[in-house]
Amino acid sequence: MASTLSPWWMMAAVAPAHAGEKDLSLAPITVSATRAKTSEGETPQKVTVITREQIERQQQFTQDRGQILNNLIPGYSPGRQKLTNSGETFRGREALIMVDGVPQSNPLRDSARDGYTIDLDMVERIEVIHGASAEHGLGATGGIINYVTRRPESGQLNQHAGVQMTTDDGVHGEGTGYKLNYRVSGQQGDWDYQTGATLHERGLFYDGKGRTVGIDEISGEVQDSTSYDVFTKVGHWLDSEQNVELSVNHFNLESNNDYVAVPGDRSQGTPTTSREGTPVGDAPFNRSTTANLAYSHSDWHGNQVDTQLYYQRFRAQFGTHPTAFPYEDEDGNDRLDQTRTESDKVGAKFTFTREGMIDDRLDLTTGVDLLQDETQQMLVQTGRTYVPESQLHNVAAFLQADFAVTDALSVHSGVRYEYAQLNVESYNTIDRSDVTQDLVQVDGGSPDFNETLFNVGAVYQVTPGFQVFGNLSEGFGLPDAGRALRGIDQPNQDVDSLVQLVPIVTDNREIGVRFKGPNYRFEASYYESNSDIGERLTQEGTTFVGKREKVEIQGVDVNAEWDLNEAHTLELLYAFNQGESDTDGDGRVDTDLTGFNVAPERLTLKWQALWGERFSTQLQGSHNFNDTNEDQSNPNLRHFRGYTLVDAAMSYRLPVGKASLGIENLLDEDYITYYSQTARDGANQFFAGRGRTFTLGYEVDF
């Protein structure tokens, strides 16, 4: 049976879920998110590979990206169940999200929308590097989550079609949604291809008491929305050693704008709900188009060569804030504006690997990464620039060495040099009391930063079934520059002297053990994540402000798996992290981090079972423990009331195709989401989680 956590001992292919399926040969998983393309179990820090089978199991009862990541990755905080992934942290920090190695984040203006740029039906697996990493440069202060897209299947023509219908347990018409997907792929001669499309119509969500879940009119919604994704990949083998591949993906998710929020009451425990109505302004959306051209040569003068050129156009529109961006239109009517983040990035990655040196003990990987990111944030209705157009130029060079000291001990070390320059011309900030007016002028500048980042780790195979690993690594990221640039309200400021633009360097220390027996697997790690000048977001009035402070985080990840027999498997996942920041500037941490930064203590249990050749089931339960944060300045956000969510799914292989039934929140738990309880106050931000939801699916390959 495949592990939901895919730890180091698992192999690339998993046992088929049903008799008669194609038997794939076993081979170690190569993790492309590591620049040296290391296999699982050979890395000195925790790595999780989520297979296609595991993704499909989760999709049987939920399509929510944040929920799926939380269910499968220890250290990842509970999903928001909204279009935004703001507040979804990884080991208490930001994760660098990539698709085939292309960064999806916007380092100059973090719009927290980088999680919704591709449909999971287009993804073959998800590679996760836990903890700060400089493998791919900017942004991975908490780790890396790399979505690897599907590859063409063997044969000239392979087709797949699927449909899902979703409804709340009250079977409300407005709560019903559907998803359609179609793929075709094949290989012919030296060419291969893969193309697919999805259409996803989501209905309104209902909570555990049958109330409508509140619409987030500001950050955006996945409920009451329509999304589609079109993906194409074409590859050509120039010869037996050289391959070139072009992929293009276009993703669009837009609110249907059919509902407005009804304020809740925190003192009475009444959540924000929704009613029919048209929100003020234009509908929030996410639009992302990515083109990726890759070339590889397996033996260029004895070296493995991988090159990559990419382009991404990203637009994220937000809803209207009830008190922000007021202005008077031409007819003298009081109106409110809304923002849209616009980002265009071009990048390249060049990687060279030499294996088998010094009696087949040393492997070296080196390369250069280039990135240009151009970002601005606009006001949609008035056409004004809220965050000035900014350009980031980033160049990095790295060297990674993997050395087998003995047959049991391997040492991994590397260095990466980062240079980044931010270019901003002189601009005017906007008067938030009337966005048609300027506030202050800010002189432009071109601050630059350089950092040399190191990593060193070791893996020791104590016995064939017992492994110890340890790692020291650094991650590098920029704070939210746009948040700093747009908020200047004092005259005589210039971009070069803004201390908020000092980069974030995070030190990650980790030690862990891995066990493997005849019918069990176990992995546990302890980590510390420290930054001398971190960034902690805190709510001030109706806006969030980035505080540049020293931050220290500690945590534990545990996952285990036990095969009861050939048909039944139990799994356990446990995660805990906590942290403090230095709020008084004396160089010592003194204040607990809130739910905006760290995740709750969590225990997840799963049972997977085969009942004959055609029928399979999965039952999973996840408990988020109660917590109290006395250091939280806002009394409404000090106490977290934990909750338990149980999900179930079953599938049956028919003579033609496969049918499935999934039930999210099987026990119809009535709860307020972790983020709403601990991170953001307000009667319009007190959101309940989704109640019991049924998903009926059918898919067929032909």
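Bear in mind the structure is a predicted one, so any value in this text is a computation, not a measurement. Start at 1 with the first residue, then count along the sequence.
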TODO: Would you check, one step at a time, whether the test side chain to side chain donor-acceptor pair (under 3.5 Å) holds for Thr198 with Asp119?
DONE: CA-CA 8 Å; Thr198 64; Asp119 193 291; 3.3 Å; yes

Open item on the list: Can a donor-acceptor pair be found, under 3.5 Å and without considering hydrogens, that links the side chain of Asn158 to the backbone of Ser154?
Closed with: yes

Open item on the list: Check this for me: does any side-chain nitrogen of one of Asp282 and Arg340 sit under 4.0 Å from a carboxylate oxygen of the other?
Closed with: no

Open item on the list: Give me the atom names and distance for the closest heavy-atom approach of Pro279 to Tyr259.
Closed with: CG-O, 3.2 Å

- [ ] Without swapping roles, check the side chain of Asp373 against the backbone of Lys345 for a donor-acceptor pair under 3.5 Å.
- [x] no

Task: Side-chain donor-acceptor contact under 3.5 Å, Arg486 with Gln377 - done: yes

TODO: Inspect the contact between Asp306 and Arg35 and indicate whether a charged nitrogen and a carboxylate oxygen are less than 4.0 angstrom apart.
DONE: no

Open item on the list: Distance check, rounded to the nearest 0.5 Å: Ile55 atom CD1 versus Glu53 atom CD?
Closed with: 11.0 Å

Task: Check: Ser105 side chain, Pro107 main-chain N or O, donor-acceptor pair, under 3.5 Å - done: no

- [ ] Taking the side chain as every heavy atom from C-beta outward, state whether Arg52 and Arg150 have any pair of such atoms under 4.5 Å apart.
- [x] yes

Open item on the list: On a heavy-atom basis, which atom in Phe318 and which in Ser219 lie closest, and how many Å separate them?
Closed with: CD2-O, 3.9 Å

TODO: Check whether any side-chain N or O of Thr195 sits under 3.5 Å from a backbone N or O of Tyr193 as a donor-acceptor pair, and report yes or no.
DONE: no

Task: Test item: Thr385 side-chain N/O and Val387 main-chain N/O as donor-acceptor pair under 3.5 Å - done: no

- [ ] Would you indicate whether the side-chain heavy atoms of Thr351 and Gln304 approach each other to under 4.5 Å?
- [x] no

Task: Cationic tip of Arg202 above Tyr178 ring, under 6.0 Å, 45° of axis - done: no

Open item on the list: Taking the six-membered ring for Trp, are His250 and Tyr228 closer than 6.0 Å centroid to centroid?
Closed with: yes

Open item on the list: Using the ring centroid of each side chain, check whether Phe687 and Tyr675 are separated by less than 6.0 Å.
Closed with: no

Open item on the list: Here's a test for you: under side chain to side chain donor-acceptor pair (under 3.5 Å), which of Thr290, Thr117, Asn249 qualifies with Gln312?
Closed with: Thr290

TODO: Carefully, step by step, assess Gln618 and Gln60 under the rule side chain to side chain donor-acceptor pair (under 3.5 Å).
DONE: CA-CA 10 Å; Gln618 174 172 297; Gln60 287 178 350; over 6 Å; no

Open item on the list: Can you confirm whether the side chains of Gln381 and Gln338 place a donor and an acceptor under 3.5 Å from each other?
Closed with: yes

TODO: Only one of Lys233, Arg125, Gln194 passes side chain to side chain donor-acceptor pair (under 3.5 Å) with Thr149; say which it is.
DONE: Lys233

TODO: May I have the step-by-step check of salt bridge (charged side-chain N to carboxylate O under 4.0 Å, His left out) for Glu342 and Arg287, ending in yes or no?
DONE: CA-CA 10 Å; Glu342 301 178 349; Arg287 293 173 186 162; over 6 Å; no

Open item on the list: Strictly below 4.0 Å, N to O, side chains only: are Glu88 and Lys82 in salt-bridge contact?
Closed with: no

Open item on the list: Let me confirm one number: the CD-CD1 distance from Gln685 to Ile218, rounded to the nearest 0.5 Å.
Closed with: 5.0 Å

Task: Distance-only polar pair, side chains of Ser343 and Thr375, donor-acceptor under 3.5 Å - done: yes

Task: Exercise: identify the closest heavy-atom pair between Phe398 and Val368 - done: CE2-N, 4.0 Å

- [ ] Considering only NZ, NE, NH1 and NH2 on the basic side and carboxylate oxygens on the acidic side, decide whether Asp344 and Arg315 come within less than 4.0 Å.
- [x] yes

- [ ] Would you please test Ser651 and Ser616 for side chain to side chain donor-acceptor pair (under 3.5 Å) and show each step?
- [x] CA-CA 5 Å; Ser651 64; Ser616 64; 2.7 Å; yes

- [ ] Test Gln63 against Gln59 for side chain to side chain donor-acceptor pair (under 3.5 Å), laying out the working first.
- [x] CA-CA 5 Å; Gln63 291 286 336; Gln59 286 183 300; 3.2 Å; yes

Task: Short side-chain to backbone donor-acceptor contact, Thr320 and Val280, under 3.5 Å - done: yes

Task: Check: Gln317 main-chain N/O paired with Thr339 side-chain donor or acceptor under 3.5 Å - done: no

TODO: Working to the nearest 0.5 Å, report the span between CZ of Arg80 and OG1 of Thr84.
DONE: 5.0 Å

- [ ] For residues Glu201 and Asn256, determine if any side-chain heavy atom of one lies less than 4.5 Å from a side-chain heavy atom of the other.
- [x] yes

Open item on the list: Donor-acceptor check, side chain of Glu221 to backbone of Asp216, threshold 3.5 angstrom: yes or no?
Closed with: yes

Open item on the list: Would Tyr206 and His172 count as a ring pair (Phe, Tyr, Trp, His ring centres under 6.0 Å) here? Give the steps.
Closed with: CA-CA 9 Å; Tyr206 287 80; His172 296 89; 4.2 Å; yes

TODO: With the side chain counted from C-beta on, respond yes when Ile145 and Leu96 share a heavy-atom pair under 4.5 Å apart, and no when they do not.
DONE: no

- [ ] Could you tell me the separation between the CD atom of Glu254 and the CG atom of Asp224, rounded to the nearest 0.5 Å?
- [x] 11.0 Å

TODO: Run the ring-centre check on His130 versus Phe90 and record whether the distance is less than 6.0 Å.
DONE: yes

Task: Distance-only polar pair, side chains of Thr693 and Asp168, donor-acceptor under 3.5 Å - done: no

Task: Carboxylate-amine/guanidinium contact Asp121 Lys179, below 4.0 Å - done: yes

Open item on the list: Given 3.5 Å as the limit, does a donor-acceptor pair link the side chain of Glu127 with the main chain of Ala33, or not?
Closed with: yes

Task: Asn146 (side chain) donor-acceptor with Gly101 (main chain) under 3.5 angstrom - done: yes

Task: Residue pair Val31 / Val49, side-chain heavy-atom distance below 4.5 Å - done: yes

Task: Arg690 side, atom CZ; Asn665 side, atom CG - distance, nearest 0.5 Å - done: 10.0 Å

Open item on the list: Regarding Gln391 and Glu389, do their side chains bring together a donor and an acceptor under 3.5 Å, going by distance alone?
Closed with: no

- [ ] Check the side chains of Thr695 and Thr166 for a donor-acceptor pair under 3.5 angstrom, ignoring hydrogens and angles.
- [x] yes

TODO: For the residue pair Val213 and Ser274, establish whether any side-chain heavy-atom pair is separated by less than 4.5 Å.
DONE: no

Task: With sequence neighbours excluded, residues passing salt bridge (Lys or Arg N to Asp or Glu O under 4.0 Å) with Arg692 - done: Asp169, Asp668

TODO: Classify the side-chain pair Asp239/Gln242 by whether it contains a donor and acceptor separated by less than 3.5 Å.
DONE: yes

TODO: State whether a side-chain donor-acceptor pair under 3.5 Å links Gln58 with Asn71.
DONE: yes

Task: Ser660 side chain reached by Tyr652 side chain, heavy atoms, under 4.5 Å - done: no

Open item on the list: Distance alone, cut at 3.5 Å: any donor-acceptor contact between the side chains of Gln104 and Tyr147?
Closed with: no

Open item on the list: What I'd like to find out is whether the side chain of Arg113 reaches to under 4.5 Å of the side chain of Leu83, using heavy atoms alone.
Closed with: yes

Task: Separation between CD of Gln164 and CZ of Phe694, rounded to the nearest 0.5 Å - done: 15.0 Å

